[in-house]
Amino acid sequence: MPWSGIKNPYRIWISEIILQQTRVKQGWDYYLRFIERFPDICSLASANEDEVLKYWEGLGYYSRARNLLKAAKQIEELHGGKFPNTYADIISLPGIGPYTAAAISSFAFGLSYPVLDGNVLRVISRYTSNDGDILSQSTKKEMLKYLQEVFKKVEDPAVFNQAIMNFGAMQCVPSSPECGECIMCKNCKAYEEGIVNMLPVKIKKIKKKKRYFSYFDLEDEAGNRLIFRRDKQDIWQGLYEFLMVESKVLKTLSDAEITKTFDESQIKIKGKITLTKVHEYKHQLTHQTIIAKVYALKCKKIKESGDEMLIANSLSGYAFPRLLDLYLQENKVNYD
DNA sequence: AAAACGTGGAT
DNA sequence: TATCCAAGTTT
């Protein structure tokens with residue numbers, strides 16, 4: 001990994017945030033680019049949120065990027081720009097929870113805090129044959145208690161944390177681990193009981209809802225486009241999109257309905273709106289399925305409009321959800 | 001305390 | 001195709 005062996009708390013912080021619910025392969029390039037553009041706390045703290053989000057574009061869980069910026073500012077104000085070196089100060093930063101606080105505390109400062117992530121949860125549940133639901137608070141508490149006991153004998157918390165996570169990622173894998181070759185099998189209770197494949201227990205009930213988005217990508221003859229920043233408490237907060245109407249059911253809008261939508265949004269346009277093409281996308285998220293139609297529209301000129309919207313000639317500085325990023329790439333929109 | 005938050009790759 | 005999973009946190 002690009003960050004292995006690094007002691008720089010800032011870099012460890014960035015890498016740990018990127019790795020939250022994200023595979024190394026997926027986050028690798030993001031880490032390199034992020035570090036290059038924002039090499040230290042100071043450069044991040046003075047950045048603009050749109051740019052930070054642009055560097056996060058496509059990675060998902062965008063609150064991570066927004067919190068990164070907030071935290072950098074907090075470090076500037078409360079800690080004089082120097083990364084805090086106590087667990088209490090670290091966990092008080094936005095975007096940093098128990099796992100990340102323990103990771104930074106041990107990796108950067110050698111403090112004795114056990115990490116408890118998905119890997120560790122799996123390893124401990126098998127090793128101790130604990131069939132509690134690892135998503136429940138009580139099971140996590142139980143396992144953390146177990147680890148804290150173990151940590152009394154741990155000399156190098158950083159090495160131990162790194163080791164147990166790697167062990168989970170490489171040996172004690174979720175499905176069909178090779179227990180016969182495992183160095184821990186002699187003391188593994190789940191192995192002894194023959195229930196390795198039953199563990200860990202995860203009880204989750206996610207109900208997926210379907211949402212239907214109609215996007216209107218209006219471009220004028222000068223190549224200007226109309227975009228909006230998503231600021232509501234919803235998916236993709238802080239990212240940009242075209243004028244959008246959400247509906248309960250899938251529908252195809254007529255030219256008249258499209259024109260009406262622009263009229264109602266009090267957008268001033270010179271010339272008639274003409275439809276070039278309708279693109280369809282299905283986008284799968286954890287808790288919802290987005291079914292989107294993107295109407296590619298042209299007009300003579302987009303005039304100044306309300307302050308919630310933006311008329312942009314180049315879209316390269318704005319972060320878009322993957323769905324729209326795909327659309328922009330497919331249509332070779334001025335996007336650099 | 002449960003539900004929401006993204007995306008891509010594996011099963 | 002559907003579901004699960006990945007170095008979790010916030011509300």
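dA7(C) and dA1(B) are spaced 25 Å apart, taking the P atom of each and rounding to whole Å. Comparing the same atom, C1', in dG6(B) and in dC5(C) gives a spacing of 13 Å after rounding to whole Å.
Atom CG in Leu324(A) sits roughly 10 Å away from atom P in dT7(B) (whole-Å rounding). Atom CD1 of Ile17(A) and atom C1' of dC5(B) are 14 Å apart (whole Å).
Position along DNA chain C of the nearest nucleotide to Gln284(A) versus Pro98(A) favours Gln284(A) as the more 5'-ward residue.
Note on Thr100(A): only backbone sugar-phosphate atoms sit closer than 4.0 angstrom, heavy atoms only; bases stay farther off. Note on Arg322(A): only backbone sugar-phosphate atoms sit closer than 4.0 angstrom, heavy atoms only; bases stay farther off. As judged by a 4.0 angstrom heavy-atom cut-off over every strand, Arg66(A) is placed among residues making no nucleic acid contact. Looking at heavy-atom distances under 4.0 Å, Gly168(A) makes no contact with the nucleic acid at all. Looking at heavy-atom distances under 4.0 Å, Leu59(A) makes contact with a base.
Side-chain atoms of Thr286(A) come within donor-acceptor range of the base of dG6(B), with a qualifying N/O pair under 3.5 Å. Between the side chain of Tyr99(A) and the base of dG8(C), no donor-acceptor pair of N or O atoms lies under 3.5 Å.
No side-chain N or O of Tyr99(A) forms a donor-acceptor pair with one of Gln20(A) less than 3.5 Å apart.
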